[in-house]
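Worksheet: one structure, shown below.
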2 protein chains.
Amino acid sequence: MITDSLLKFVPFSHDELNEILAQFEKEYVKKNEVLLNKGKVCSKLYFVDKGIGRSFYLKNDGKEVTQWFFGNGSFMSSVDSFFQQSPSFYSIDIIEDSVLYSITKERMDLLLAKYHHMEKFIRLLSIETLAKFVQKLNALQFQTAKERYNYMLTEYPEISHRVPLGYISSYLGMSQETLSRIRSND
Amino acid sequence: MITDSLLKFVPFSHDELNEILAQFEKEYVKKNEVLLNKGKVCSKLYFVDKGIGRSFYLKNDGKEVTQWFFGNGSFMSSVDSFFQQSPSFYSIDIIEDSVLYSITKERMDLLLAKYHHMEKFIRLLSIETLAKFVQKLNALQFQTAKERYNYMLTEYPEISHRVPLGYISSYLGMSQETLSRIRSND
DNA sequence: TTCACTTTTTGACATAGGTCAAAGGAAATT
DNA sequence: AATTTCCTTTGACCTATGTCAAAAAGTGAA
């Protein structure tokens, strides 16, 4: 599955693929496990083979706010922290028992330096991620709570039905009560 | 100046730099000129040598909403549209008479294919852009109107004082009246 | 200097969505 | 099955910010 995700963007050769895959480690992670704490430098990039993870952060008042969900087939990390090796603004945890593949920054750097193809892959991956962020930015900036929820339903139908309401409401920038009302109101 | 921006991320060789710079064209653009229309594919990546540009879009009710400002020394385009050659969600126009350097997608692709360094440069640029979007996303999702304005003042002091109020308020996701009140209230 | 046009400010009022608190439901643990 | 804990819904009330409209201030052309 990770192979498909790699080939989606760049036509890696067999040898390249083998070497790349060899750099990843399979990890079985239980629900609620924390993979990265806010303030730390993100040292690994994960691929979610099965399960769901999320990035989130704690507001001053102690409330958790979900920043992003990572479902099956997506690469997960605090992107800027990982690539810029800067302190992460977010924490990352696992919402469902999951199967992940992880690669360290060191190994990623070696691959990036060695393979032009890998550099291209990460470029395209970054741009795709960027495009998704832009979409969410739009949603938050211009849409009503209800519209944002509908956007969530169509963009992330899977996730919408597998995670607690509070995670989704904070992801969408609204209170849990508001989301609950929206859901019941039709 | 564009050279500095290139070298900021990657140690290009002299030869590389020369060839890269040769692919850019200098453009003098007047205030209010539109460089990209919503719905079109963005064909050029610009470097703002002097001046200010912005991306924006028109809401259903006809109101303009600024999505991003591009000041001196920044690369400007509808990133995802340019690299994915997809229809742009935004338009781009020029707010002050500006001096730009532009490169076409075709030429960029040639550079990307030829130079591993170029691929790396765009990767790092994308990630930096991503980090900025994440910041703005935070601001919009969690902060009050006033906090967002302060964030704007510290992050983009230059721009805050050179563009019309309405551009800034829509960029920050609030009405012009609200921003006006915030500004006068201290 | 005056006129026309644009941008910003101010006031009055409306409302989406927030907060707090309590009650129901579900799900996990014993 | 009973108990505890967590998650969701509902109600009452509140507030930040939006909308509409008019006045004021700024800008530029004639």
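Chain letters run A, B, ... following the sequence lines, proteins first and then strands; every chain starts at 1.
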Phosphate-side-chain proximity, A:T178 and C:dG18, N/O vs OP1/OP2 below 4.0 Å: yes
Under 3.5 Å donor-acceptor, B:H116 side chain and A:H117 backbone: no
A:Y28: side chain to side chain contact (heavy atoms under 4.5 Å, CB included) partners, not counting sequence neighbours: A:K26, A:V99
Rounded distance (Å) that lies between atom P of D:dT15 and atom NZ of B:K146: 18 Å
Nearest-Å distance for atom pair OH/P, residues B:Y149 and D:dT17: 15 Å
Main-chain N/O of B:S91 paired with B:S55 side-chain donor or acceptor, under 3.5 Å: no
Contact nearer the 5' end of DNA chain C, comparing A:L179 with B:S180: B:S180
Test side chain to side chain contact (heavy atoms under 4.5 Å, CB included) applied to A:I95 and A:Y167, step by step: CA-CA 10 Å; A:I95 302 182; A:Y167 289 7; 3.7 Å; yes
Residues within residues 167-177 of chain A bordering DNA chain C, heavy-atom distance below 4.0 Å: A:G173, A:M174, A:S175, A:E177
B:E96: partners by salt bridge (Lys or Arg N to Asp or Glu O under 4.0 Å), with sequence neighbours left out: B:R162
A:R54 to A:F70 six-membered ring, cation-pi geometry met (6.0 Å, 45°): no
Listed nucleotide nearest any side-chain atom of B:A145, set D:dT19, D:dT17, C:dT9: D:dT17
Distance below 4.0 Å between A:S184 side-chain N/O and D:dT10 OP1 or OP2: yes
Under-3.5 Å donor-acceptor pair between B:R181 side chain and D:dG18 base: no
Short side-chain to backbone donor-acceptor contact, B:S98 and B:I94, under 3.5 Å: no
Show the atom names and distances, to 0.1 Å, of all donor-acceptor pairs under 3.5 Å that link a side chain in residues 35-50 of chain A to residues at least two apart or in another chain.
{"from": "A:K44", "atom 1": "NZ", "to": "A:E27", "atom 2": "OE2", "distance (Å)": "2.9"}

d(CG, A:N32; P, D:dC6) in whole Å: 11 Å
Whole-Å gap separating C1' (C:dG17) and CG (A:L140): 14 Å
Over-ring placement of B:K136 relative to B:Y171, 6.0 Å and 45° cut-offs: yes
Cation over ring face, B:R148 and B:Y151, 6.0 Å, 45°: no
Whether A:S160 side chain and A:Y156 backbone form a donor-acceptor pair below 3.5 Å: yes
A:H161 NE2 - D:dT8 P separation (whole Å): 13 Å
Between D:dG18 (P) and B:I182 (CD1): distance, integer Å: 8 Å
Protein-to-nucleotide contact annotation, 5' to 3' order, nucleotides 25-30 of chain D [B base; S sugar-phosphate only; - none; under 4.0 Å, heavy atom]: ------
Bracket notation of DNA chain C in which parentheses pair within the strand, [ ] cross earlier pairs, and | pairs with another strand (Watson-Crick or G-U, under 3.5 Å): ||||||||||||||||||||||||||||||
